[in-house]
Amino acid sequence: TVQYRSIFRPGLFEGQTIVVTGGGSGLGRCTAHELKSLGARLALVGRTQEKLDRVKEELGDPDIFTFAGDLREVDQVKAAVDGVMAWAERIGVGRIDGLVNNAGGQFPAPLKDISLNGWNAVIRNNMTATFLMSKEVYLRSMEQHGGAIVNVSSMSGRTKSVLTAPNYVASNAGVIGLTMSLANQHAREGIRVNCVTPGMIQTPMLGAYRTEQLDAIRASVPMGRFADPAEIAARLGADVAEGPLPPWQIVRERRATFEATPEQHRLRPGTRTEWTNLFLAGDWTDTGLPATIEGSVRSGDRAADLALTMT
């Protein structure tokens with residue numbers, strides 16, 4: 001079993017189910033180690049079953065779900081998510097908490113040498129697969145339960161690129177735009193959508209470049225080296241993790257774990273805020289808040305349709 005030590009606190013993802021695409025090698029493999037070391041229940045999706053099995057063996061967990069398929073195809077994406085949801089039901093969870101859209105690829109070539117098929121192959125591999133997986137996971141789980149989606153793009157999609165790969169650069173820009181759109185649309189459903197845009201990473205994908213190309217790219221990096229996959233996997237883990245919501249933030253909470261304590265109120269006089277499925281933390285029996293509270297206020301209660309009006 002491969003040993004992995006994360007920079008995050010132990011148990012950060014305890015009880016959470018997280019899907020990692022492209023989980024059989026490179027950054028996806030390293031992300032799987034990162035998340036598993038923090039207690040996540042993992043579902044790995046990729047092209048090659050042999051690679052997925054090897055990562056599963058490294059992780060030493062026979063309960064990890066794997067699915068080999070082509071995420072550019074709608075029917076195979078549906079089959080992958082069907083399998084994940086059935087597995088999640090078997091382990092007593094029944095939902096997907098996180099999705100890391102990491103699957104992708106590139107075929108470096110100048111504009112004059114890219115055929116329509118070559119263009120479409122990269123766009124579908126990087127951008128279409130991200131769209132299809134995000135849509136299916138949303139429909140099957142996150143629309144009801146909320147969650148986190150983290151998309152892997154590249155800095156080539158947001159700044160001048162030294163890569164001779166216009167199809168790859170365009171696909172990465174598309175993933176960034178897709179991320180911003182989904183984040184804006186679904187934030188009030190308790191769904192966080194973020195995008196990580198690393199530079200060159202020391203993974204098998206570098207095999208698509210000639211030595212002199214890699215030397216030129218490396219020379220443009222201020223640190224003089226490519227990123228280690230573990231460095232980027234930690235960033236992905238940070239974006240999957242739930243951070244503290246701002247005090248008294250008005251959200252349509254579907255996950256029933258939004259915690260609010262009496263000390264966190266930030267409402268102005270005359271403001272009325274309502275929640276559903278709010279979990280009350282701390283002692284609310286004698287808070288001295290200048291407010292009218294409708295609903296149960298005992299510590300630990302799960303109060304439906306709680307309303308609070310500041311006076």
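Residue indices begin at 1 and follow the sequence shown. Just so you know, these numbers use all the heavy atoms, side chains as well, and skip hydrogens, waters and symmetry mates.
Electrostatic pairing of Asp53 and Lys51 does not count as a salt bridge here, judged by no charged N lying under 4.0 Å from a carboxylate O. The pair Asp75-Lys78 does not meet the salt-bridge criterion, since no charged nitrogen lies less than 4.0 angstrom from a carboxylate oxygen. The residues Glu58 and Arg54 are annotated as not salt-bridged, no charged nitrogen and carboxylate oxygen being separated by less than 4.0 angstrom. Look at Arg140 and Asp82 and you find a salt bridge, because one of the NZ, NE, NH1 or NH2 atoms lies within 4.0 Å of a carboxylate O, short of that distance.
In terms of heavy-atom proximity, Leu12 sits nearest to Gln16 at O-NE2, 3.9 Å. Nearest heavy-atom pair, Ser37 versus Glu34, reported as atom, atom and distance to 0.1 Å: OG-O, 2.7 Å. Among all heavy-atom pairs drawn from Ala109 and Pro166, the shortest one is O-CD, 3.3 Å. For Thr48 against Ala68, the heavy-atom pair with the smallest separation is C-CB, 4.2 Å.
Arg41 places a side-chain N or O within donor-acceptor distance of the main-chain N or O of Gly15, the cut-off being under 3.5 Å. With hydrogens and angles disregarded, a donor-acceptor distance shorter than 3.5 Å links the side chain of Arg124 to the backbone of Arg72. Looking at Thr66, its side chain never comes within 3.5 Å of a backbone N or O of Leu52 through a donor-acceptor pair. Judged purely by atom type and a 3.5 angstrom limit, Arg192 uses its side chain to pair as donor or acceptor with the backbone of Val240. When atom types are taken as modelled, the side chain of Thr21 and the backbone of Ala103 share a donor-acceptor pair closer than 3.5 angstrom. Judged by distance alone, the side chain of Ser141 and the main-chain N or O of Tyr138 form no donor-acceptor pair under 3.5 Å.
Atoms CG and OG, from Asn120 and Ser171 in turn, are 12.0 Å apart once rounded to the nearest 0.5 Å. With rounding to the nearest 0.5 angstrom, the CG atom of Asn194 is 11.0 Å from the CG atom of Leu182. The NZ atom of Lys112 lies 11.5 Å from the CD1 atom of Ile114; values are rounded to the nearest 0.5 Å. Met155 contributes atom CE, which lies 10.0 Å from atom CD1 of Ile176 (distance to the nearest 0.5 angstrom). Atom CG of Leu38 and atom NE2 of His33 lie 13.0 Å apart (nearest 0.5 Å). Interatomic distance, OG of Ser25 versus CZ of Arg29, reported as 9.0 Å (0.5 Å rounding).
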- Task: Show your reasoning for whether side-chain contact (heavy atoms from CB on, under 4.5 Å) applies to Leu71 and Arg47.
- Result: CA-CA 8 Å; Leu71 299 184; Arg47 284 271 186 115; over 6 Å; no
- Item | Working for side-chain contact (heavy atoms from CB on, under 4.5 Å), residues Ile96 and Val84 | CA-CA 8 Å; Ile96 297 171; Val84 172; 3.7 Å; yes
- Task: Run the numbers on Asp61 and Ile64 for side-chain contact (heavy atoms from CB on, under 4.5 Å), then give the verdict.
- Result: CA-CA 6 Å; Asp61 183 357; Ile64 289 174; 3.8 Å; yes
- Should Met133 and Val81 be marked as a side-chain contact (heavy atoms from CB on, under 4.5 Å) after you check the CA-CA gap, both sets of side-chain angles, and the distance that decides it? CA-CA 8 Å; Met133 279 297 296; Val81 178; 4.3 Å; yes
- Is there a side chain to side chain donor-acceptor pair (under 3.5 Å) between Thr197 and Arg158 once you walk through the steps? CA-CA 8 Å; Thr197 58; Arg158 59 181 176 84; 2.7 Å; yes
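The shortest side-chain heavy-atom distance between Thr179 and Ser153 does not fall under the 4.5 Å cut-off. When side chains are defined from C-beta on, Asn102 does not count as touching Thr31, because their heavy atoms never get closer than 4.5 Å. Inter-residue side-chain proximity for Leu99 and Ser134 is flagged as met; some heavy-atom pair is nearer than 4.5 Å. Leu236 has its side chain within reach of Leu27: a pair of non-hydrogen atoms, C-beta onward, lies under 4.5 Å apart.
Heavy atoms from other residues, nucleotides or ligands lying under 6.0 Å from CD of Glu50 number 12 at most.
Ile149 and Leu139 end up in the same hydrophobic cluster when Ile, Leu, Val, Met, Phe, Trp and Tyr side chains are linked at under 4.5 Å. One hydrophobic cluster, built from ILVMFWY side chains closer than 4.5 Å, cannot hold both Val175 and Ile191; they sit in different ones. When hydrophobic clusters are built by joining Ile, Leu, Val, Met, Phe, Trp and Tyr residues whose side-chain heavy atoms come closer than 4.5 Å, directly or via intermediates, Met127 is not grouped with Leu132. Trp119 is not connected to Tyr168 by any chain of hydrophobic side-chain contacts under 4.5 Å among Ile, Leu, Val, Met, Phe, Trp and Tyr, and they are in different clusters. A continuous path of hydrophobic side-chain contacts links Met85 to Val74 [ILVMFWY only; heavy atoms under 4.5 Å].
Between Asn101 and the choices Asn126, Thr130, Asn151, the side chain to side chain donor-acceptor pair (under 3.5 Å) rule is met once, by Asn151. Between Met142 and the choices Asp97, Val193, Val137, the side-chain contact (heavy atoms from CB on, under 4.5 Å) rule is met once, by Val137.
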